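Just the heavy atoms: all of them, side chains too, but no hydrogens, waters or symmetry mates, feed the values below. Since the model is a prediction, treat every value here as computed from it, not as a measurement.
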Amino acid sequence: MNLDKIFNPSSIAVIGASEEEKTVGAGLVKNLMQGQNKIFCVNPFREKVFQMSCFKKIADIKENIDLAVVAVPASAVLEVVEECCQKKVKGIIVVSSGFQESGEEGRQREDKLRELVEKAGIPLIGPNCLGIINLGNNLNVSFAPLTPKKGDIAFLSQSGSLANALIDKSIDFNLGFSKIVSYGNEAQVDLTRLLSYLKDDKETKVILLYLEGVKKGREFFEAAKEISKPIVVLKAGRSKMGEKAVSTHTGSMVGDYETYQAVFKQAGLIQVDSLEELLDIGKALSFSEKCRNGIGIVTNGGGLGVLAVDFCDEQGIEVSELKNETIEKLNKDKKLEKVLIKRNPLDIMGDALSERYEAAVRAFLEAKEINGLLIIQSVQIMTEPLKNAKIIAELKKEFPLKPIVCCFVGGPLIKEAVGCLEENKIPNYPDPKRAIKAIKSLIT
């Protein structure tokens, strides 16, 4: 079933459109007005919505409609969707709740909804969802409070509220998205179909996934295994109490968590334990290339370097032993003459100015035994954070195939430097543990 008209529609009908503040109908229309699509508002109780003429039914629209977005009470959804089927729209998104997640009556309503669209051959996302966002064509078919930056991360979420939170939080993480899909109850278009669609999506490099349960485990496993792009998954409903909470949220069947873990591992998915870690790993995979094991560490603080080595050991990351030729190069460089011990991690000392950072980082990037690099900086009176960031950004251009991850630790004094790093697609983490976990995701 073709999902193209859901993600790339020319004409969109919003059924339940409104201009009343703090309503789903108003949120949908406002977000759509940011794009270039032709919008048709449908609401039998209004003549105009945001100065646009309002139709009583979708059948009253003479033009063809690619995508219908349904935001009406659950009791009216079946009638509205049937009218959409008669109109022969190319795709439907039902954001309304009150279906499988609400009990037996809602479950029966959802079954009838599925029968309607299956018979008509129309793909449907939802119900009980936030909607979709396609940053590639500036399309926001959701009632999210803001539109995130464009990038190469696709985010699929069973939860609309969590998608909203991640969109807001992504601003602080400097993350950009290709597509965001809140798929809700999966009455028809399920997670497997969405993964298959993203498999060949040229705008997507990384897939982030918030998952509560899977309806068709074998199909999900096969689809995930076939995707060469990294998939990072945050699984909810891991405990017995969590399972009960999920059943009243999206009505999903959760299943045994250990089974999920085994499936994730076999399919090559990266599993994380928190929203923060989901974004951390997503950033690393979006900004950086993969590498073999064996990293270098350059730090101006010995304690931070020791912590990083401890975390490397925990995560199974090798801290490469320097070859003689690398040590000789370090010894000959006058900019590093104050650094008495030449080893990995390389402590360039607290009084390191930018020229010492540049010499150390360049030497490690040139070293054949170093496959990726962690650069740590603590702020001291002589430290030049922004200058260091600019130097690192230039060196990344010279060595594009070696991933560089930074750990600039501090607060207001490093804010501008961190902005410079991440504008140049160099991920920064404020804690060595987070930085090392991000590096782990890059190692093949």
(request) Quickly, which of Val272, Leu234, Val232, Ile270 forms a side chain to side chain contact (heavy atoms under 4.5 Å, CB included) with Glu277? Name it, please. (result) Val272
(message) List the residues meeting side-chain contact (heavy atoms from CB on, under 4.5 Å) with Gln36, not counting sequence neighbours, and say none if there are none.
(response) none
(message) So if I apply the side-chain hydrogen bond (donor to acceptor under 3.5 Å, both in side chains) rule between Gln108 and each of Glu110, Glu104, Lys112, which one comes out positive?
(response) Glu104
Got a list of side-chain donor-acceptor pairs under 3.5 Å for residues 430-444, not counting sequence neighbours?
unit_1 : atom_1 : unit_2 : atom_2 : d
Asp431 : OD1    : Lys433 : N      : 2.7
Arg434 : NE     : Asp280 : OD2    : 2.7
Arg434 : NH1    : Glu276 : OE2    : 3.2
Arg434 : NH2    : Asp280 : OD1    : 3.0
Arg434 : NH2    : Asp280 : OD2    : 3.4
Lys440 : NZ     : Gln315 : O      : 2.9
Ser441 : OG     : Ala438 : O      : 2.6
Thr444 : OG1    : Cys291 : O      : 3.3

(request) Please name all residues satisfying side-chain contact (heavy atoms from CB on, under 4.5 Å) with Ser182, sequence neighbours left out, ordered by chain then number. (result) Cys129, Leu130
All N/O donor-acceptor pairs, side-chain side in residues 385-393, below 3.5 Å, sequence neighbours left out:
unit_1 : atom_1 : unit_2 : atom_2 : d
Asn388 : OD1    : Ser354 : OG     : 2.8
Asn388 : ND2    : Gln377 : OE1    : 2.8
Asn388 : ND2    : Glu384 : O      : 3.2

(message) Can you tell whether the side chains of Glu19 and Lys48 come within less than 4.0 Å, N to carboxylate O?
(response) no
(request) Applying side-chain hydrogen bond (donor to acceptor under 3.5 Å, both in side chains), name anything that partners Asn138, two or more places apart in sequence or on another chain. (result) none
(request) Verify the neighbour count for atom CD of Glu314: are there more than 12 heavy atoms of other residues, nucleotides or ligands below 6.0 Å? (result) yes
(request) Would you confirm whether Asn37, through its side chain, and Leu139, through its main-chain N or O, come within 3.5 Å as a donor-acceptor pair? (result) no
(request) Indicate yes or no: at least one non-hydrogen side-chain atom of Phe221 is less than 4.5 angstrom from one of Val214. (result) no
(request) Name all pairs fulfilling the side-chain hydrogen bond (donor to acceptor under 3.5 Å, both in side chains) condition that reach into residues 139-157, sequence neighbours left out, sorted by first residue then second. (result) Gln34-Thr147, Asn140-Ser142, Asn140-Thr147, Asp152-Ser286
(request) Scan for salt bridge (charged side-chain N to carboxylate O under 4.0 Å, His left out) pairs involving residues 120-140, sequence neighbours excluded, and state none if there are none. (result) none
(request) Only counting residues at least two apart or in another chain, list the ones meeting side-chain hydrogen bond (donor to acceptor under 3.5 Å, both in side chains) with Ser178. (result) Thr204
(request) Report yes or no: does Arg292 contribute a side-chain atom to a donor-acceptor pair with the main-chain N or O of Asn371 at less than 3.5 Å? (result) no
(request) Identify, with sequence neighbours excluded, every residue that meets ring-ring contact (aromatic ring centres under 6.0 Å, His included) alongside Tyr197. (result) Phe7
(request) Evaluate the side-chain proximity of Val189 to Tyr183: yes if any heavy-atom separation is below 4.5 Å, no if none is. (result) no
(message) One thing to verify: whether Lys57 and Asp60 come together as a salt bridge, which I'm taking to mean a side-chain N less than 4.0 angstrom from a carboxylate O.
(response) no
(request) Please name all residues satisfying side-chain contact (heavy atoms from CB on, under 4.5 Å) with Glu423, sequence neighbours left out, ordered by chain then number. (result) none
(request) List for me each residue that meets side-chain contact (heavy atoms from CB on, under 4.5 Å) alongside Pro148, sequence neighbours excluded, and say none if there are none. (result) Ile133, Leu135, Ile167, Ser170, Phe177, Ile180
Check residues 74-88 and write down every donor-acceptor pair under 3.5 Å in which the side-chain atom is one partner and the other belongs to a residue at least two apart or another chain.
unit_1 : atom_1 : unit_2 : atom_2 : d
Lys87  : NZ     : Ile61  : O      : 2.3
Lys87  : NZ     : Glu63  : O      : 3.1

(message) Closer than 3.5 angstrom, by distance alone: can the side chain of Lys215 be matched with the main-chain N or O of Glu186 as a donor-acceptor pair?
(response) yes
(request) Would you verify whether the NZ or CZ of Lys402 falls within 45 degrees of the ring axis of Phe364 while also being under 6.0 Å from that six-membered ring's centre? (result) no
(request) Examine distances only and state if a side-chain atom of Lys396 and a backbone atom of Lys425 form a donor-acceptor pair shorter than 3.5 Å. (result) yes
(message) Tell me if a side-chain donor or acceptor on Arg109 pairs with a main-chain N or O of Phe99 at a distance below 3.5 Å.
(response) no
